[in-house]
Number of protein chains: 2
Amino acid sequence: MEKAKDAAIVLSGGMDSVTLLHDKKDEIALAITFDYGSNHAQREIPMARINCEKLGIEHVVIPLGFMAKYFHSSLLEGADAIPEGEYDGENMASTVVPLRNGIMLTIAVGLAESRGLKRVMIANHAGDHAIYPDCRPEFIEAIDRVAQLGTYAGIHVEAPYTHLSKTDIARRGLAIGVDYSLTYSCYKGTEPPCGKCATCREREQALREAGA
Amino acid sequence: MEKAKDAAIVLSGGMDSVTLLHDKKDEIALAITFDYGSNHAQREIPMARINCEKLGIEHVVIPLGFMAKYFHSSLLEGADAIPEGEYDGENMASTVVPLRNGIMLTIAVGLAESRGLKRVMIANHAGDHAIYPDCRPEFIEAIDRVAQLGTYAGIHVEAPYTHLSKTDIARRGLAIGVDYSLTYSCYKGTEPPCGKCATCREREQALREAGA
């Protein structure tokens, strides 16, 4: 049976969400990118747009400028504030934007309800769980309950990659023909990517392990 | 024992949230008002500011202009779109902004985490439950779980008026000296208030029953 095209996706323009966009392209009616004023968002957002154009999927960008103004996170402060080195809890804790996934998902669910859609997808994965509390499976379950209770349509939040590693995602993407030159990951937001921040290292490792 | 001043509040400038602001003023460090571009918000926001100034509580306004652009709700469309008459489900359904409380609360929780606060308060009440799914006690429980799981501080969401009627809130406010001329409720956003929309009627009834 063909799946309905009744889903929205939270799409950053990084490799995880772009892979999910291609993976579920037949189910996705709307891609939503959030611009929270970070350096790297200015590089990621054009990648999000290009992939939506390739797939013929509607793309909206929601500005969340208040985050850079009021929230504390090195991710919102600029390249010099981003730590370099391995992707571990201590190193990356400063990059956490408080409850970012909660904020993005509630807005995406509200927008999905406005458009008559039934599901919202997000591409968090197993490698995110240790550092970001709002990427864990139990968080996704809780926000799914919020979405169901808070909407007339009983919208669901789905995280199809929650038990995959980033290498698994890269393997999946390569198998379905995702062009990773059309994604952006560096948290410093430089062009070319710095290659030193944890996000660059994690990306490079996943693509290498997946045989890219 | 004195309660800690460790809470943020979602403050519209209407009678419910202004009452809660005064009621819990010794616990509230930060009041957060959301500007989602509605007519009535432009009248409510100055009332929110005036009450915070009176109480010496920090006040921030978070712009959510994307709601008026992308979300469907008569509340975001202007005075002519607001229904007149009694406050019941059918009549008020068009004023629902999809998942509004979910969006406001996740942003407030993220901001609270950025500021080292431990709680976020919202003034939804029993009269809201029938119409607005994101005002019901089970919704507040679900978003509380999201806040606890999604933050390092394990922030809680509290809705102290969830089992009170609007008349109960008015009684409570009058008892503690709230000046209701410094609140605004009309969904049409006119000055003076229209007196005909359900929000005007509900306000007038609550104040009358409370003996104002």
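Protein chains get the first letters and strands the later ones, always in sequence-line order, with residue 1 at the start of each. As a basis for the values below, the full set of heavy atoms in this structure was taken, side chains included, without hydrogen atoms, waters or symmetry mates.
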Residue list, side-chain hydrogen bond (donor to acceptor under 3.5 Å, both in side chains) with Arg115(A), at least two apart or on another chain: Glu58(A)

Over all heavy atoms of both residues, which pair between Pro98(A) and Gly110(B) is shortest? Give the atoms and the distance, please. CB-O, 3.4 Å

Heavy-atom pairs under 4.5 Å with chain B are the metric here; pick the option from Val109(A), Ile62(A), Ile107(A) that has the most. Ile107(A)

Is it true that atom NZ of Lys69(B) has more than 12 heavy atoms of other residues, nucleotides or ligands lying nearer than 6.0 Å? no

In terms of heavy-atom contacts, does CZ of Arg145(A) have more than 12 from other residues, nucleotides or ligands at under 6.0 Å? no

CE of Met67(B) to CG of Leu111(A): how many Å apart, nearest 0.5 Å? 10.0 Å

Thr151(B) to Leu99(A) - nearest heavy-atom pair and separation: CG2-CD1, 4.3 Å

Identify the two heavy atoms, one from Leu64(B) and one from Phe66(A), that lie closest to each other, and give their separation to 0.1 Å. CD2-CE2, 3.9 Å

Could you tell me which non-hydrogen atom of Pro133(B) sits nearest to which non-hydrogen atom of Leu149(A), and how far apart they are? CB-O, 3.4 Å

